[in-house]
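Everything numeric here is computed off the predicted structure, so don't read it as measured data. Just so you know, these numbers use all the heavy atoms, side chains as well, and skip hydrogens, waters and symmetry mates.
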Amino acid sequence: MNFIKYKNNLYPLIAILSSLLILVVGLVMAKSIKCTYFLIFVLFWLIMFGCYKQVIKMSLIFIVIGGCFTIICYFSSNKNIISALSMLNRFGAVFIAIVPSISVKPVAMTRNLSQLHTPRSIVLGLLITISYLPVLKMEIKRVSEAMKTRGVGSIFNPKIFYRAFLIPLITRIVDISDTLSLSIETRGFTLGKSNYTIYKKEKIYFLDVIYILGLIISIILVVLL
């Protein structure tokens, strides 16, 4: 049980590094069939290390978006299979590269950066940005639902979009920003030099090393063979 639980949490910086490696190799070698084999291997490699939920989520999006663009590219290039394969590999590289990154929790990433003595401004900025995106998404949904409840009309009407959607959304964003700033100040966060303790440190485990080594070896084989 501990092994399964651990595999759901890759070491944050290793996860980000692996995302960059997958993206670069996938985009550079997109026109080769070896890239397709590499991406398939990476997909199963990520599943082995507990990222199956993220793989399923990104695979569904890839099938819809990547499939559509691949079909369009195939017919627009006079049924050129190489062009279609290149498009498929590029989208596959982008979506698969996202998987390790989204498997890392924001708090784990900020803890990891703090361990490496990253400037507090960068750590706080990253934490606020990552945490703010779900809040922004929820506020957009609430404003849209409020518009439907009041029956104000279509959001595609410029006047309605400006007065019924954009202004309420900006007002909510400003209010949330003020609350967030006050929350940071009351909790004693500062951008200057300060002594702080990390109670739960991120550690590199043996399986993290196996994961990144397996990925690097696969990249070397794809490039050399």
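Pairs of residues two or more places apart, or lying in two chains, that qualify as ring pair (Phe, Tyr, Trp, His ring centres under 6.0 Å) and include a residue from residues 63-86 are Phe69-Phe91. The side-chain hydrogen bond (donor to acceptor under 3.5 Å, both in side chains) contacts involving residues 216-225 comprise nothing, where partners must be two or more places apart or lie in separate chains.
With sequence neighbours left out, Thr36 forms a side chain to side chain donor-acceptor pair (under 3.5 Å) with Asn89. In this structure, Thr70 has no side chain to side chain donor-acceptor pair (under 3.5 Å) partners at least two apart in sequence or on a different chain. Residues forming a side chain to side chain contact (heavy atoms under 4.5 Å, CB included) with Ile72 (at least two apart in sequence, or on another chain): none. Under the rule for a side chain to side chain donor-acceptor pair (under 3.5 Å), the partners of Ser86 that lie at least two apart in sequence or sit in another chain are Arg90. Under the side chain to side chain contact (heavy atoms under 4.5 Å, CB included) criterion, Ile217 pairs with Leu221, sequence neighbours left out. Partners of Ile170 under the side chain to side chain contact (heavy atoms under 4.5 Å, CB included) rule, at least two apart in sequence or in another chain, are Leu166, Val174.
For Val99 against Cys51, the heavy-atom pair with the smallest separation is CG1-CB, 3.9 Å.
Under a hydrophobic-cluster definition in which Ile, Leu, Val, Met, Phe, Trp and Tyr are linked whenever side-chain heavy atoms come within less than 4.5 Å, directly or via other members, Val64 and Met87 are assigned to different clusters. Ile82 and Leu88 fall into different hydrophobic clusters, defined by Ile, Leu, Val, Met, Phe, Trp and Tyr side-chain heavy atoms under 4.5 Å apart, directly or through other members. In the hydrophobic clustering of this structure, Ile71 does not group with Ile65; members are Ile, Leu, Val, Met, Phe, Trp, Tyr whose side-chain heavy atoms approach within less than 4.5 Å, directly or through other members.
Put simply, CZ on Phe49 and CG on Leu207 are 6.0 Å apart, with the number rounded to the nearest 0.5 Å. A distance of 12.0 Å separates SG of Cys73 from CD1 of Ile81, quoted to the nearest 0.5 Å.
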Let me have the donor-acceptor pairs involving side chains of residues 18-30, under 3.5 Å, with sequence neighbours excluded, atom names and distances please.
unit_1, atom_1, unit_2, atom_2, d
Ser18, OG, Ile14, O, 3.3
Ser18, OG, Ala15, O, 2.7
Ser18, OG, Tyr211, OH, 3.0
Ser19, OG, Ala15, O, 3.1
Ser19, OG, Ala97, O, 2.7
Ser19, OG, Ser101, N, 3.4
Ser19, OG, Ser101, OG, 2.8

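Around the NZ atom of Lys57, the shell of radius 6.0 Å holds no more than 12 heavy atoms that belong to other residues, nucleotides or ligands.
Leu85 shares a hydrophobic cluster with Ile33, Tyr37; the chain of contacts runs through ILVMFWY side chains whose heavy atoms sit under 4.5 Å apart. Within the hydrophobic cluster formed by Ile, Leu, Val, Met, Phe, Trp and Tyr side chains joined at under 4.5 Å, directly or through other members, Leu60 is accompanied by Ile56.
Side-chain contact between Ile212 and Asp208 is absent, with no heavy atoms from C-beta onward closer than 4.5 Å. With contacts defined as side-chain heavy-atom distances shorter than 4.5 Å, the pair Leu46/Gln54 does not qualify. Proximity of Ile16 to Tyr11: side-chain heavy atoms (C-beta onward) are nowhere separated by under 4.5 Å. Side-chain contact between Glu139 and Leu169 is present, with heavy atoms from C-beta onward closer than 4.5 Å.
A salt bridge is defined here as a Lys NZ or Arg NE, NH1 or NH2 lying under 4.0 Å from an Asp or Glu carboxylate O, and Glu145 with Arg142 fails to meet this definition.
When the options Val223, Val222, Leu43 are evaluated for a side chain to side chain contact (heavy atoms under 4.5 Å, CB included) with Phe38, the one that passes is Val222.
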